[in-house]
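Quick notes on the structure that follows.
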Amino acid sequence: MSEQEGSLSLRLANRLARAPRAQDRHRGRRHLLDWLACAVAGSREPGAAEPRRLARREGIGACRIIGGGRAGPQAAALANGPAGALLEMDDVDRRGLLHPGPVVFPAVLAAAEATGVDDGDAILDAAIRGYEAMIRVGRAVGPDHAARFHVTASCGGFGAAAGAASILGLNRLKTAWALGNAGQQAFGLWQVRHEPVFTKALHDGRAAANGLASALLAGDGYAGPLEIFEGPHGFFAGLCPDGRPEAILDGGEAWAIHEVSFKPHAACRHAHAAIDAVLDLRRQAAGADLESLTLGVYGDALTFCDRPAPTTPVEAKFSLQHAAAVAWRHGDAALERFTPEAVADPDNASLRALVRPVRDADCDAGYPARFGATAQAVLSDGRTLRAEAPDALGDPERPLDDAALVAKARALFAWGRLTDVQADGLIAAALSLGEGAGLSDLWAAAPIAGLESGS
């Protein structure tokens, strides 16, 4: 190993060995609550039942499946990943263009249950390390990779491997092995964007299961390539032609989890700043009718979300036109604005026709460090109004406070058909993990039986 002692995977493993602090764990609890709420609500959505049934076919195991049942660790991670992603309200790292929550938490929790780790601090530390690995790699891959691959999928295995390795107590070498084997199984082509399928959410489960399996194998002595990042046929050479492998070590002492954004609106993150700007215009308009609405956005927002006539809830979540229309009409972009009924509503369709997204040079210049947007409304009374949202609500520059995050969780739990009492129990358990509560307390509060749907 001597010639590989300075490999990037070993150096990343060394970085991950740092001990998180109290403020880092506090942040981890907030992301745990956010993921859990997304997963409970998402477990009711189309696209969640099939991975759950697949997991159950593997037989009964120690690990919980959100939506009901138990399975082995890989199967549980596979099932729980999509549940947290289907509603498009999962957390997001802007610079990495990836969603860590629905990959890292399914892997970490399955690893903990499979090995009997109940300690809340250990689970939070593992999640923080998983976020770190996934985000640092995702920020280094370069725009060419992100244009062809779903970065949550291609880099998620690194986060799941790091988080599971932390739960397992792997040393630096074995953590690097886990990263190496996870990288060998990177995947996630963007073809899923072009067809009406649920495979994008399945990516989260596959990445979680991949990283978890890689860590379990490494713990058993199964070596992985130590130069997975910088090697001549490694991850960056094969998949990231304009990436910078050495950038995975960027970031200083702060854990990357503090830079991850929460999503208050039930739409693709690329639509959030535009929604915020439209809500500002709506307040200014004070009830006046809309004649036209122009959205200024960065290029990727158009690539992913320029969809004037969505026909399904998934398409509506990736439609700037629909998101802006419902925000103007209702004053929010909540879950109920993206149902089949909302998509088919002729009043929403009429408003969508008034919305024109255009590329804005200033928004482009700030992206991806900033997900900004502008909006200009022409009103029936002759006024022209303009609003800017240089950052989306939920970004570090415009953070969601604890009250807003809990309100989001309550809405998601209600969408998942939990009672107020059940929601209160889950919120309290998630926010007290490591402060007198362990994983068993979290699952005791989780109404798994209440989520059983027979599917």
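Below, each value reflects all heavy atoms present in this structure, side chains not excepted, and no hydrogens, waters or symmetry copies.
Between Trp190 and Phe304, the ring-plane angle classifies as perpendicular under the 30° and 60° cut-offs. Ring pair Phe371/Tyr367 is tilted by interplanar angle, where 30° to 60° counts as tilted.
Listed by first and then second residue, the ring pair (Phe, Tyr, Trp, His ring centres under 6.0 Å) pairs involving residues 305-337 are His322-Phe338 (not counting sequence neighbours).
Distance alone, capped at 3.5 Å, is enough to place a donor-acceptor pair between the Thr303 side chain and the Gly299 backbone. Side-chain N or O atoms of Asp391 include none that pairs as donor or acceptor with a backbone N or O of Arg370 at under 3.5 Å. In this structure, the side chain of Arg52 engages the main chain of Ser43 through a donor-acceptor pair within 3.5 Å. Without hydrogens or angle criteria, Arg337 side chain to Ala266 main chain gives no donor-acceptor distance under 3.5 Å.
With respect to the salt-bridge test (charged N to carboxylate O, under 4.0 angstrom), the residues Asp250 and Arg136 do not qualify. Using a cutoff of 4.0 Å between basic side-chain nitrogens and carboxylate oxygens, Arg398 and Asp395 are not scored as salt-bridged. A salt bridge is absent between Arg21 and Glu253: the closest approach of a Lys/Arg side-chain nitrogen to an acidic carboxylate oxygen does not fall below 4.0 angstrom.
Of the N and O atoms on the side chains of Arg206 and His203, not one donor lies less than 3.5 Å from an acceptor on the other residue. Between the side chains of His265 and Asp276, at least one donor-acceptor pair of N or O atoms lies under 3.5 Å.
Residues Leu433 and Leu439 come closest through the heavy atom pair CD1-N, 3.9 Å.
For Phe236 and His145, the distance between ring centers is not under 6.0 angstrom. Under the 6.0 Å cut-off for aromatic ring centres, Phe262 and His31 qualify, their centroids lying closer than that.
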Check: residues 237-244 side-chain donor-acceptor pairs under 3.5 Å, at least two apart:
| residue | atom | partner | partner atom | Å |
| --- | --- | --- | --- | --- |
| Asp242 | OD1 | Asp144 | N | 3.3 |
| Asp242 | OD2 | Asp144 | N | 3.1 |

List, one per line, each side-chain donor-acceptor pair under 3.5 Å for residues 97-105, sequence neighbours excluded.
| residue | atom | partner | partner atom | Å |
| --- | --- | --- | --- | --- |
| His99 | ND1 | Asp91 | O | 2.9 |

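Here the options are His194, Arg193, Glu195, the test is side chain to side chain donor-acceptor pair (under 3.5 Å), and the partner is Gln191; only Glu195 passes.
The local environment of CZ in Arg139 is crowded, with over 12 non-hydrogen atoms from other residues, nucleotides or ligands closer than 6.0 Å.
Every residue was checked against the salt bridge (charged side-chain N to carboxylate O under 4.0 Å, His left out) condition with Asp300, not counting sequence neighbours, and none meets it. Every salt bridge (charged side-chain N to carboxylate O under 4.0 Å, His left out) that Asp381 has, sequence neighbours left out, goes to Arg383. Phe198 is linked by a ring-ring contact (aromatic ring centres under 6.0 Å, His included) to nothing, counting only residues two or more places apart in sequence or in another chain.
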Legend entry - Stepwise ring pair (Phe, Tyr, Trp, His ring centres under 6.0 Å) check, His270 with Tyr298: CA-CA 9 Å; His270 291 307; Tyr298 49 86; 5.5 Å; yes
